[in-house]
Amino acid sequence: MHQKYAFKAVEEKWQQIWEKVKAFKVTEDPEKPKFYCLEMFPYPSGKLHMGHVRNYSIGDVLARFYRMNGYQVLHPMGWDAFGLPAENAAIKNNIPPAKWTWDNIANMREQLKRMGISYDWDREVASCHPNYYKWTQWFFLQFFKKGLAYKKASHVNWCPSCATVLANEQVVGGHCERCDTKVEKRSLEQWFFRITEYADRLLANLPKLTGWPERVKVMQENWIGRSKGAGLVFKSEDGHELRVFTTRPDTVFGVTYMVIAPEHPLVEELIKDKPQAEEVREFVKRVTAQDDITRTAADTEKEGIFTGAYAINPFNGEKVPIWVANYVLLGYGTGIVMGVPAHDQRDFEFARKYGLPVKVVVAPPGETLRGEDLEEAFPADGVLVNSGEFNGLSTKEAIAAVTKKAEELGIGQAEVNYRLRDWLISRQRYWGAPIPVVYCDKCGIVPVPEEDLPVLLPEDVRFKPSGQSPLAELEEWVQTTCPSCGGPARRETDTMDTFVCSSWYFMRYTDPKNSEKPFDREKVDYWLPVDQYIGGIEHAILHLMYARFFTMVCHDLGLVGVEEPFTNLLTQGMVTKDGFKMSKSKGNVVDPGYIIDSYGADTARLFILFAAPPEKDLEWSDQGVEGCFRFLNRVWRLAYDVDTRVRPYWDGTAPSNLSNDAKELRRKTHETIKRVTEDIKERFNFNTAISALMELVNSLGKYVAEADPKEAGPVVKEAMEALLLCLAPFAPHISEEIWSELGFEGSVHDRSWPEYDPAALVQDEVEIVIQINGKVRERLVVPKGASKEELEKAAFAANKVQELTNGKQVRKVIVVPDKLVNIVVG
RNA sequence: GCGAGAGUGGCGGAAUUGGCAGACGCACUAGACUUAGGAUCUAGCGGGUAAAACCGUGGGGGUUCGAGUCCCCCCUCUCGCACCA
């Protein structure tokens, strides 16, 4: 064994061996329990960053741990390879997106291999490969057949910088989730997935996801935003239907005006021939020009204008004015709201501003409220007043009664509304999976037949600096024949949102080479659900909700048995430096490649796991890395010492009368096994698992230096073996090298995870604490398991205790065996 | 404003069931080895004191023999949502 820890040689050696023998290849084995360990696949930007290192190091610990525990472990890796950066690079450097992407993949694959992550590389997928996106397109066709994919015109989010539309989920605070540009509204015809049809299931299943962080579930719940209420139909004087959604149908007698969203198509109808028409048009123009953030901020001043039209309240026949106002959104409910100022704070503010009447219809039991006296709305439950036949009912009763009445009159029904919108999946971009549809003058929208898939993305394209997709201008690609009538037709030139590609990759991993179908039912059912999914919190809504939706659809299509894809979810924290997320613009990026070159992959992995628990943010520390490097060097020196001095004697059996030091080391060994096992399996606290290993190394080092090698042999062997086995998931290369150098058999990674011996943990003696009035005054070493009486006696026998209790009255003595004695004196 | 989470040495963080606060690591200090030390080893390392006492887990109160941990009130920070009818 070399005296010096040559990490570079060690890591390269084992990486080559593992690759050659395909150490981490896995297949289905119904005899064994399975563990599907998945890390979110990366966008191939070209270089690994520390967030990746953290993500994959966490996953690799679990994968290796469960493998050693006898599981068939599926641990795959692939590439979320479509997306805009490839196009930007193409424009900037004149490299085709495909080449740029594949070069990046090659680089990053090399870096991952240098990290020593235990992937089954035979299962690698890349979403930009025709063998993959063929099936993405196939899914689109299945969705289309089921009516879950459809095209419609609507007001959509447009990112001027990305030159494409975005899904609602990809707009964060009015800005593009990707590039942070302010998003605009455009009226366009686009493809959607009908995710709203699954809103209830997506919501209902959330409580079942017990292995998910609470906050992710809350975020999804808020995003889906279910509210129960009623749909009611009002009519304008000239006969237009005004459908509203309300969560408070009980307040319908309190309606004193109606409000319609400025963008609502009905506005034009209502103001026709009205003297206010021009004024209203100008108002609409002004409001719609505002960006969404200002428009929807809670503190934006409510503004409105009377349309000149009136509506009739179907419940009491009252005639109320119809207004247009900025606080009503076209995108939620019906875009029309009944104004009940007495019981809704927004309506109240609006009514006060424009002098509209405030009519109280709900009051606290036994009290009277007067609309003109109110200083704010009364939104709480109460008893109905001024509401005709419904007077005297409670809010709850009235909601039911009014809804029922509306049904009888044929003017409404109970309704559930969602904040969730359908998923806009078209992108006006080139580097994505083409939507497999053609437009025929005769037949209209025609899906491409399954046997014609994939619709290949032409790779020989030229980019203009304008940022526009070159697909639309590629006439030879756009022009095609209609699969239905054979006549001339034009291809859809939009591609799919990359989140579509990433919504099913975890299923493809189970059968990545299948050319007949996206994946085999038996294989996917063997592996799914993913037992542990690991990734960043930024996907709490986006990817994680889309993937759940996709899995449900696949379930309904009979493609997979499960409805929920991810049993346990771990959201890792950010890697920061100087308190900020690492980013090029901040100039605080630490390159993993540099760390691996300078200290090795084992050190990099160890540091990133040791510095903080996985869910928390992790502050990068160059000195912390040094510390971990020093630790691995200590492990190496320890192994070297053991190899030269103890190993010749370690194959005998341990004497039955071990010295106290030897016993203590055995205890430490087994305690370490216990702690590391529990920290990995039950708590994901890799930082404390590593500190336990450090403690073992410290004890072992001390023992080896002091003990007689002949006596120490077997005990040291046991400790060393446990150390290497427990260290293997964290620092796989050095563990493997020392394992083999010390003459242990086979690969450390093929060995069973060690079990601790409870007998070795038992101590003959324990140190207990003697407290007086709750303060520690003395420590005593007593036989383990001593009785309460014995402990009390021993405590009072101690000099210090006698001194301090002398002349005082002992009021109470609390004895906790093997822990403490607390003497209360007064 | 609403919801979730957090607040412990100079720093990252431990403390799993209410029972020795600060494991482990970093930084720092002293010493050893050395031509040298940014290597390695030994010792120390919350504040305070000559040593003790004493003080100490964001602040205040409470329960308890005993509270970082449980309860109530408050402060600060982070994240999410925010005119959703």
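Naming convention: chains lettered A, B, ... in sequence-line order (proteins, then strands); numbering from 1 in each chain.
- For Ile537(A) and rA6(B), the CD1 to P distance is 14 Å, given to the nearest whole Å.
- Ser227(A) comes within 4.0 angstrom of sugar-phosphate atoms only, judged by non-hydrogen atoms across all strands, and of no base.
- With distances taken from any side-chain atom of Arg419(A) to the nucleotides rA82(B), rU40(B), rC65(B), the minimum falls on rA82(B).
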> For RNA chain B, what dot-bracket results from Watson-Crick or G-U pairs at under 3.5 Å, with [ ] for crossers and | for inter-strand partners?
Replying inline: (((((((..(((......[....))).(((((.......))))).((......))..(((((..]....))))))))))))....
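- Going from atom CG of Asn633(A) over to atom C1' of rU40(B) covers 10 Å, rounded to whole Å.
- Annotated as anti: rG12(B), whose glycosidic dihedral deviates from 0 by more than 90°.
- Rounded to a whole angstrom, the distance from the C1' atom of rG38(B) to that of rU34(B) is 15 Å.
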Might you list the N or O atoms of the protein lying below 3.5 Å from N or O atoms in nucleotides 51-58 of chain B, with each pair's distance?
{"from": "rC54(B)", "atom 1": "OP1", "to": "Arg777(A)", "atom 2": "NH2", "distance (Å)": "3.1"}
{"from": "rC54(B)", "atom 1": "OP2", "to": "Arg777(A)", "atom 2": "NH1", "distance (Å)": "3.4"}
{"from": "rC55(B)", "atom 1": "OP2", "to": "Lys775(A)", "atom 2": "NZ", "distance (Å)": "3.2"}

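- Qualifying salt bridge (charged side-chain N to carboxylate O under 4.0 Å, His left out) partners for Asp344(A), counting only residues two or more places apart in sequence or in other chains: Arg346(A).
- Proximity of a side-chain donor or acceptor of Asn417(A) to a complementary backbone N or O of Ser227(A) within less than 3.5 Å is not detected.
- Using C1' as the reference atom, rA15(B) and rA21(B) are 7 Å apart when rounded to the nearest Å.
- Atom C1' of rG13(B) sits at a distance of 14 Å from the matching atom of rA6(B), rounded to the whole Å.
- For the C1' atoms, the distance from rU16(B) to rG61(B) is 29 Å, rounded to whole Å.
- Ring pair Tyr599(A)/Phe629(A) is perpendicular by interplanar angle, where above 60° counts as perpendicular and below 30° as parallel.
- Ring pair Trp620(A)/Phe607(A): centre-to-centre distance below 6.0 Å.
- For rG7(B) and rU57(B), the C1' atoms lie 9 Å apart once the distance is rounded to whole Å.
- Classification of Asp381(A) and Lys396(A) as a salt-bridged pair fails, no side-chain N sitting under 4.0 Å from a carboxylate O.
- The C1' atoms of rG10(B) and rG44(B) are separated by 16 Å, rounded to the nearest whole Å.
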>> Across nucleotides 12-24 of chain B, 5' to 3', mark each nucleotide with B, S or - according to how protein heavy atoms within less than 4.0 Å reach it.
In response: BSSSS--BB--BB
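- Going from atom CZ of Arg811(A) over to atom C1' of rC65(B) covers 12 Å, rounded to whole Å.
- With hydrogens and angles disregarded, no donor-acceptor distance shorter than 3.5 Å links the side chain of Ser154(A) to the backbone of Val156(A).
- For the P atom pair drawn from rU29(B) and rC45(B), the interatomic distance equals 16 Å after rounding to whole Å.
- Salt bridge absent: Glu263(A) and Lys185(A) never bring a charged side-chain N and a carboxylate O closer than 4.0 Å.
- Arg605(A) places no side-chain N or O within 3.5 Å of a backbone atom of Ala731(A) that could act as its donor or acceptor partner.
- A donor-acceptor pair under 3.5 Å links the side-chain atoms of Asp679(A) to the main chain of Ala689(A), judged by distance alone.
- Within 4.0 Å of Ser621(A), counting heavy atoms only, lies no atom of the nucleic acid at all.
- Protein atom CZ of Arg215(A) is 7 Å distant from nucleotide atom C1' of rG5(B), rounded to whole Å.
- A donor and an acceptor atom never sit less than 3.5 Å apart when one is taken from the side chain of Lys812(A) and the other from the base of rC65(B).
- Nucleotides rU69(B) and rU17(B) place their C1' atoms 11 Å apart, quoted to the nearest Å.
- Residue-level contact check: Gly225(A) touches neither bases nor backbone, having no heavy atom under 4.0 Å from any strand.
- For Asp347(A) and rC83(B), the CG to C1' distance is 10 Å, given to the nearest whole Å.
- Atom pair Leu542(A):CG and rC81(B):C1' shows a separation of 15 Å (rounding to whole Å applied).
- Taking a cutoff of 4.0 Å between a charged side-chain nitrogen and a carboxylate oxygen, Arg226(A) and Glu221(A) do not qualify as a salt bridge.
- In this structure the side chain of Ile770(A) reaches within 4.5 angstrom of the side chain of Leu780(A), judged on heavy atoms.
- Counting any heavy atom pair closer than 4.0 Å across all strands shown, Arg637(A) reaches sugar-phosphate atoms only and no base atom.
- Considering only residues two or more places apart in sequence or on other chains, Glu214(A) meets the salt bridge (charged side-chain N to carboxylate O under 4.0 Å, His left out) condition with Lys217(A).
- Put simply, the side chain of Val358(A) reaches to within 4.5 Å of the side chain of Arg352(A), judged on heavy atoms.
- In this pair, Tyr354(A) and Phe350(A) present their aromatic rings tilted. The plane angle is within the 30 to 60° band.
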>> Please evaluate residues Glu619(A) and Lys577(A) with respect to the criterion salt bridge (Lys or Arg N to Asp or Glu O under 4.0 Å), reporting the C-alpha separation (whole Å), side-chain torsions for both, the decisive distance (0.1 Å), and the verdict.
In response: CA-CA 5 Å; Glu619(A) 170 71 12; Lys577(A) 176 121 195 280; over 6 Å; no
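- Val813(A) comes within 4.0 angstrom of no nucleic acid atom, judged by non-hydrogen atoms across all strands.
- Checking rC83(B), rC81(B), rA85(B) against the side-chain heavy atoms of Lys302(A) singles out rC83(B) as nearest.
- Each of Met219(A) and Thr246(A) was matched to the nucleotide of RNA chain B holding its nearest heavy atom; the match closer to the 5' end belongs to Met219(A).
- For Met338(A) and rA85(B), the CE to C1' distance is 9 Å, given to the nearest whole Å.
- Between Arg667(A) and Glu664(A), at least one side-chain nitrogen of the basic residue sits less than 4.0 Å from a carboxylate oxygen of the acidic one, meeting the salt-bridge criterion.
- Look at CZ on Phe580(A): it is 13 Å from C1' on rU78(B), rounded to the nearest Å.
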Tabulate protein N/O versus nucleotide N/O from nucleotides 36-38 of chain B, keeping only pairs under 3.5 Å, one per line.
none

